[in-house]
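The structure displayed is predicted, hence computed values, not measured ones.
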Amino acid sequence: MAEQSLVSGGEEPEERVIEAALRPKSLHDFVGQHRVRKQLALVLEASKMRGRSADHVLMSGPPGLGKTTLAMIIAAEMNAPLRISSGPAIQHAGDLAAILSSLSEGEVLFLDEIHRMSRPAEEMLYMAMEDFRVDIVVGKGAGATAIPLELPPFTLVGATTRAGLLPGPLRDRFGFTGHLEFYSVAELELVLRRSAGLLDLKVNSAGFTEIAGRSRGTPRIANRLLRRVRDWALVHGIDQIDARSASAALDMYEVDERGLDRLDRCVLEALITKFNGGPVGLSTLAIAVGEEPETVETVAEPFLVREGLLGRTPRGRIAMASAWTHLGYAVPAGVFGQETLALFGEDENHAEIIDTVG
């Protein structure tokens, strides 16, 4: 399935174990995200100087950039135990109450995909974060009684890939909010060098550059591609991985020089060959590539839009001029990205489409 491909966010159990071994254990070892790392280091240092738990922390950004790793680092830096849960797992206020009531003083609670928590649990979390207290309701109807339960000071670390879905009252209760950005190729090379050292791999500079350039700006994907290149080199008896070896390995796994995988190319091919570049609706496009609309929208589209290969307009999806070029097709006159499409009419519509694509 596309969701479990080399460049997607899904992971198999064995992959998670290896991924955990490659995670940095301190802010000093954490590569990239210089602004967030510097600000977070200051927050943690000030908390340790005051002898108190750190403020609640919210991490937002695309998958695979290090939100879970930073939560683990926060617990390690504060010398505190870490409790891990997720928003989808907390569907009732009682679920959250059970977790909160078992926390020890100073413990770090990490909630992944916090925007997917149920509303009742969310409202209970407001009071827990602010007053370190929750009200447990016993009984029903007129005989119901609220029993206040005091909580020890703790640090909540929330992670979300869709910060806009968090309600304002919850977002405002976090003392520090950090947004993680995609990595540059140079930063990914540093990530790969560290991982190669831990995996005892011999890779030259050109090999690191080749892998980093196909990693979509995401460390998790970079590490995954590195392991697949390692497998290819092992089977082919290659001791040191260079650019040619890395390229041959990743070509075999259908990850091209810009990081596009099979699904990405299928989407662009369908747009160009079946719909003449679009615009075409999401459902129709999904049927054309044999996938669910949610898969196309959440797995393929974000990267294609960011790379300027696909545009999302009020009338549907379109293939940008760079998509035609990347797949080896001649760019017809009037394709968006080459010159203004007459299809979009007035200037105000053109401006709206530019905003949507951006």
Side-chain angles (χ1 to χ4, degrees), residues 4-12 14-38 61-70 72-73 180-262 264-265 302-304 306-309 322 326:
Q4 297 176 344
S5 67
L6 286 176
V7 292
S8 71
E11 291 182 275
E12 295 298 321
E14 182 183 355
E15 294 288 310
R16 294 195 191 102
V17 172
I18 300 175
E19 193 75 37
L22 298 179
R23 291 184 192 275
K25 303 298 188 292
S26 68
L27 283 175
H28 180 266
D29 294 332
F30 193 89
V31 176
Q33 311 296 341
H34 300 292
R35 177 179 52 83
V36 172
R37 191 176 58 185
K38 184 176 180 181
L65 298 186
K67 297 185 289 297
T68 302
T69 299
L70 283 174
M72 295 178 175
I73 288 175
L180 306 188
E181 306 285 350
F182 285 105
Y183 282 59
S184 67
V185 171
E187 289 173 332
L188 286 177
E189 286 184 39
L190 295 177
V191 172
L192 289 168
R193 286 180 185 277
R194 178 182 178 277
S195 298
L198 294 173
L199 294 172
D200 196 25
L201 286 179
K202 294 181 180 179
V203 186
N204 65 18
S205 297
F208 284 126
T209 302
E210 184 68 26
I211 299 171
R214 303 189 186 208
S215 299
R216 296 177 178 251
T218 306
R220 178 184 297 164
I221 294 174
N223 284 329
R224 194 172 304 157
L225 296 183
L226 177 66
R227 296 195 295 273
R228 298 293 73 79
V229 171
R230 174 198 60 184
D231 295 344
W232 186 92
L234 180 64
V235 170
H236 287 79
I238 295 175
D239 293 327
Q240 186 177 58
I241 298 167
D242 55 15
R244 184 176 178 181
S245 300
S247 177
L250 296 177
D251 285 345
M252 192 198 76
Y253 286 111
E254 298 183 282
V255 179
D256 70 19
E257 63 275 10
R258 291 188 66 167
L260 275 66
D261 66 359
R262 181 201 63 81
D264 300 322
R265 288 192 297 275
F303 179 68
L304 295 177
R306 183 165 62 89
E307 289 292 296
L309 298 169
S322 55
H326 181 68

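Leu260 places a side-chain heavy atom less than 4.5 Å from the side chain of Phe303. Side-chain contact between Lys202 and Ile241 is absent, with no heavy-atom pair separated by less than 4.5 Å. A heavy-atom distance below 4.5 Å is not found between the side chains of Tyr183 and Thr218. Residues Thr68 and Arg23 meet the side-chain proximity criterion, which asks for heavy atoms closer than 4.5 Å. Two residues are said to be in side-chain contact when any heavy atoms from C-beta on lie closer than 4.5 Å; His326 and Glu257 meet this criterion. Under the 4.5 Å side-chain criterion, counting only non-hydrogen atoms from C-beta, Val229 is not in contact with Val203. In this structure the side chain of Lys25 never reaches within 4.5 angstrom of the side chain of Met72, judged on heavy atoms.
Note that CG of Asp261 is 8.5 Å distant from CG of Asp256, once rounded to the nearest 0.5 Å. Between the CG atom in Leu192 and the CG atom in Leu225 there is a gap of 8.5 Å [rounded to 0.5 Å]. Here the CZ-OG distance, from Arg230 to Ser195, works out to 11.0 Å after rounding to the nearest 0.5 Å. The distance from the NZ atom of Lys38 to the CD atom of Gln33 is 15.0 Å, given to the nearest 0.5 Å. The distance from atom OG of Ser245 to atom CG of Leu250, rounded to the nearest 0.5 Å, is 10.5 Å. To the nearest 0.5 Å, atom CG of residue Leu226 and atom CG of residue Leu188 are 11.5 Å apart.
A search for side chain to side chain donor-acceptor pair (under 3.5 Å) contacts involving Glu210 returns Arg214, not counting sequence neighbours. A search for side chain to side chain donor-acceptor pair (under 3.5 Å) contacts involving Arg35 returns nothing, not counting sequence neighbours. Partners of Leu198 by side chain to side chain contact (heavy atoms under 4.5 Å, CB included), not counting sequence neighbours, listed by chain and number: Leu22, Arg194. Shown here are the salt bridge (Lys or Arg N to Asp or Glu O under 4.0 Å) partners of Glu187, two or more places apart in sequence or in another chain: there are none. His28 meets the ring pair (Phe, Tyr, Trp, His ring centres under 6.0 Å) test with no other residue; sequence neighbours excluded.
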request  = Could you go through the side chain to side chain contact (heavy atoms under 4.5 Å, CB included) check for Thr209 and Glu189 one step at a time?
outcome  = CA-CA 6 Å; Thr209 302; Glu189 286 184 39; 3.0 Å; yes

Full working for side-chain hydrogen bond (donor to acceptor under 3.5 Å, both in side chains) between Arg193 and Ser205 = CA-CA 9 Å; Arg193 286 180 185 277; Ser205 297; 3.1 Å; yes

task = Please assess Arg227 against Leu199 for the test side chain to side chain contact (heavy atoms under 4.5 Å, CB included), listing each intermediate value before the final yes or no.
result = CA-CA 9 Å; Arg227 296 195 295 273; Leu199 294 172; 4.1 Å; yes

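Of all heavy-atom pairs between Gly207 and Ala246, the closest is O-CB, 4.2 Å. The minimum heavy-atom distance between Leu65 and Phe30, with the atom names listed, is O-CZ, 4.0 Å. Minimum heavy-atom separation, Ser26 to Ile73: O-CD1, 3.5 Å. For Pro219 against Gly64, the heavy-atom pair with the smallest separation is CD-O, 3.3 Å. Nearest approach of Ser215 to Ala222, heavy atoms of both residues: OG-CA, 3.3 Å.
Listed for the Lys67 side chain is a donor-acceptor partner under 3.5 Å among the backbone atoms of Gly61.
A ring pair (Phe, Tyr, Trp, His ring centres under 6.0 Å) check over residues 215-236, counting only residues at least two apart or in different chains, returns the pairs Trp232-His236.
The number of heavy atoms from other shown groups lying within 6.0 Å of CZ (Arg244) does not exceed 12.
With a 6.0 Å cutoff to the six-membered ring centre and a 45° limit on the axis angle, Arg216 does not count as a cation-pi contact of Phe182.
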